[in-house]
J.: 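Before we start, here is the structure in question, set down as structure tokens.
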Amino acid sequence: MAVNALGTMQACELARRTGARVVVASTSECYGDPLEHPQRETYWGNVNPLGARACYDESKRYAEAYLTSAVRVNAIDGRLVRIFNTYGPRLRPGDGRVIPNFCLSALKGEALTIFGNGGQTRSFCYVDDLIEGIYRLATRPGLAGQVVNIGNPDELTIRELAQIVSELAGAELRTRNRPLPADDPTRRRPDIALARALLDWEPRVSLRDGLLATLAYFRES
Ligand code: UDP
């Protein structure tokens with residue numbers, strides 16, 4: 001919480017003093033377990049402020065409130081990107097997220113661990129697409145105070161993801177189930193109409209191509 005809160009305050013203060021532009025990396029976690037689907041930037045979210053994910057979600061929401069206030073009060077040129085699930089080569093193997101976990105298990109011929117029944121959905125964006133979106137948001141003029149979703153609207157269940165990763169790794173699908181973590185969102189999918197309109201941006205890399213590149217990385221590392 002301190003990193004997100006104090007880090008954003010320091011960055012905004014630096015922008016105020018120097019006139020620099022600042023882009024805060026926010027998150028789809030601001031939408032919590034969303035009641036609106038897909039999620040548009042205008043949706044206020046459904047976040048549990050006391051739950052296991054609250055330290056992350058609420059500090060990112062604080063960062064958003066701080067930045068938009070600094071744009072209003074101090075007239076800084078600040079922008080917000082709400083980043084949805086992202087993956088690609090150079091993910092940390094042990095970071096616990098679903099794509100590195102599934103890739104490593106499939107390559108080792110181990111069972112893939114599915115939390116809950118695997119019916120929850122996510123939408124995965126390849127890292128190169130994400131970077132292009134952030135670059136455009138950071139460099140286009142006239143976007144002070146703007147918040148934009150960057151993510152891939154191609155939504156699938158975690159069960160379907162397990163199937164695809166196993167197939168691309170050339171492994172037979174084997175899974176085991178573990179309990180669903182607390183407050184695990186049931187679905188996530190960005191509405192990217194605003195990114196299309198403001199940034200002429202949309203993802204270009206398909207899930208299969210992105211997963212093949214990611215598997216190749218984990219195979220070599
Ligand atoms: N998940 C899973 N097995 C794993 C890691 C994650 O089934 O080994 C599930 C997790 O419960 C969640 C989804 O995959 O529903 C995405 O999890 P991740 O941590 O990658 O991202 P986030 O929940 O932050 O969107």
Side-chain angles (χ1 to χ4, degrees), residues 1 3-4 25-39 43 45-49 51-61 63-64 81-127 129-130 133 149-169 171-192 203 205 207 210-211 213-215 217-218:
M1 294 186 88
V3 169
N4 283 336
S26 186
T27 169
S28 57
E29 286 289 315
C30 289
Y31 299 122
D33 194 5
L35 304 176
E36 187 177 298
H37 197 71
Q39 292 79 54
Y43 178 48
N46 178 37
V47 173
N48 174 359
R53 297 167 88 106
C55 55
Y56 186 63
D57 301 2
E58 295 293 14
S59 61
K60 285 293 189 179
R61 289 166 66 94
E64 291 203 355
V81 52
R82 288 195 184 133
I83 298 171
F84 283 66
N85 294 67
T86 300
Y87 72 101
R90 299 171 68 188
L91 273 169
R92 258 192 308 135
D95 94 348
R97 272 180 290 172
V98 68
I99 289 191
N101 282 2
F102 280 5
C103 287
L104 287 165
S105 298
L107 290 173
K108 286 189 218 151
E110 292 170 358
L112 277 53
T113 304
I114 292 184
F115 296 158
N117 66 10
Q120 68 272 35
T121 70
R122 293 293 187 274
S123 313
F124 296 96
C125 187
Y126 189 65
V127 60
D129 284 332
L130 175 83
N149 288 337
I150 297 287
N152 192 320
D154 188 5
E155 178 184 6
L156 79 172
T157 66
I158 296 304
R159 241 188 342 259
E160 288 168 329
L161 178 70
Q163 175 77 54
I164 295 170
V165 170
S166 298
E167 182 194 317
L168 296 178
E172 202 183 314
L173 176 64
R174 283 175 47 230
T175 58
R176 56 183 181 155
N177 289 79
R178 287 282 174 277
L180 195 66
D183 293 334
D184 198 279
T186 41
R187 50 193 193 167
R188 275 287 166 71
R189 177 182 174 190
D191 181 317
I192 58 165
V205 181
L207 182 65
L211 285 174
T214 309
L215 282 161
Y217 167 77
F218 282 121

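Order of appearance sets the numbers: ligands from 1, and atoms from 1 within every ligand.
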J.: Based purely on interatomic distance, does Asn101 place a nitrogen or oxygen under 3.5 Å from a nitrogen or oxygen of ligand 1?
T.: yes
J.: Can Gly96 be said to touch ligand 1, with heavy atoms closer than 4.0 Å?
T.: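 A heavy atom of Gly96 does come that close to ligand 1.
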J.: Counting from 1, what ligand 1 atoms have a heavy atom of Ile158 closer than 4.0 Å?
T.: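 Those atoms are 7 (O), 13 (C), 14 (O).
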J.: For ligand 1, which part of Arg187 has a heavy atom less than 4.0 Å away: the side chain, the backbone, both, or neither?
T.: neither
J.: Identify the two heavy atoms, one from Phe124 and one from Ile99, that lie closest to each other, and give their separation to 0.1 Å.
T.: CD2-CD1, 3.6 Å
J.: Can you list the atoms of ligand 1 that are under 4.0 Å from a heavy atom of Ile114?
T.: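 Taking each heavy atom of Ile114 in turn, ligand 1 has 7 (O) under 4.0 Å.
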J.: Who gets closest to atom 3 (N) of ligand 1 by heavy atom: Ile99, Val98, Thr113, Thr86?
T.: Thr113
J.: Can you label the angle between the Tyr126 ring and the Tyr87 ring as parallel, tilted or perpendicular, going by 30° and 60°?
T.: perpendicular
J.: Provide, to 0.1 Å, the distance between atom 25 (O) of ligand 1 and the closest protein heavy atom, together with that atom's residue and name.
T.: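 Closest protein heavy atom to atom 25 (O) of ligand 1: Arg122 NE, 2.7 Å.
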J.: Which heavy atom of the protein is the closest neighbour of atom 21 (O) of ligand 1, given with residue, atom name and distance?
T.: Asn85 ND2, 3.3 Å
J.: Examine the side chains of Thr186 and Asp33 and answer whether a donor and an acceptor come within less than 3.5 Å of each other.
T.: yes
J.: Between Gly118 and Thr157, what is the shortest heavy-atom contact and its length?
T.: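 Smallest heavy-atom distance, with atoms named: O-CB, 3.4 Å.
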J.: Assess, by modelled atom type and distance only, whether the side chains of Asn149 and Tyr43 contain a donor and an acceptor separated by less than 3.5 Å.
T.: no
J.: Salt-bridged, Glu110 to Arg176, with N to O below 4.0 Å?
T.: no
J.: If you have a sec, work out which protein heavy atom is nearest atom 24 (O) of ligand 1 and how many Å separate them, to one decimal?
T.: Arg53 NH2, 3.1 Å
J.: Please report, to 0.1 Å, the donor-acceptor pairs under 3.5 Å made by any side chain of residues 177-185, with sequence neighbours excluded.
T.:
residue: Asn177; atom: ND2; partner: Gly116; partner atom: O; Å: 2.8
residue: Asp183; atom: OD2; partner: Asn48; partner atom: ND2; Å: 3.1
residue: Asp184; atom: OD1; partner: Arg122; partner atom: NH2; Å: 3.1

J.: Might you point out which heavy atoms bring Phe84 and Gly151 nearest each other, and give the distance in Å?
T.: CB-CA, 4.0 Å
J.: Looking at Glu58 and Arg61, is there a salt bridge between them, counting it only when a charged N and a carboxylate O are closer than 4.0 Å?
T.: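 Yes, Arg61 and Glu58 are salt-bridged.
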J.: Among all protein heavy atoms, pick the one closest to atom 15 (O) of ligand 1 and tell me residue, atom and distance.
T.: Asp184 OD1, 2.6 Å
J.: Nearest to atom 1 (N) of ligand 1, what protein heavy atom do you find, and at what distance?
T.: Phe115 CD1, 3.4 Å
J.: Answer with yes or no whether Arg176 contacts ligand 1, where contact means a heavy atom under 4.0 Å from a ligand atom.
T.: no
J.: Below a 4.0 angstrom heavy-atom separation, can you tell me which part of Arg97, side chain or backbone, both or neither, approaches ligand 1?
T.: both
J.: Record the part of Arg178 in heavy-atom contact with ligand 1 below 4.0 Å; permitted values are side chain, backbone, both and neither.
T.: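 Looking at Arg178 and ligand 1, no heavy atom falls under 4.0 Å.
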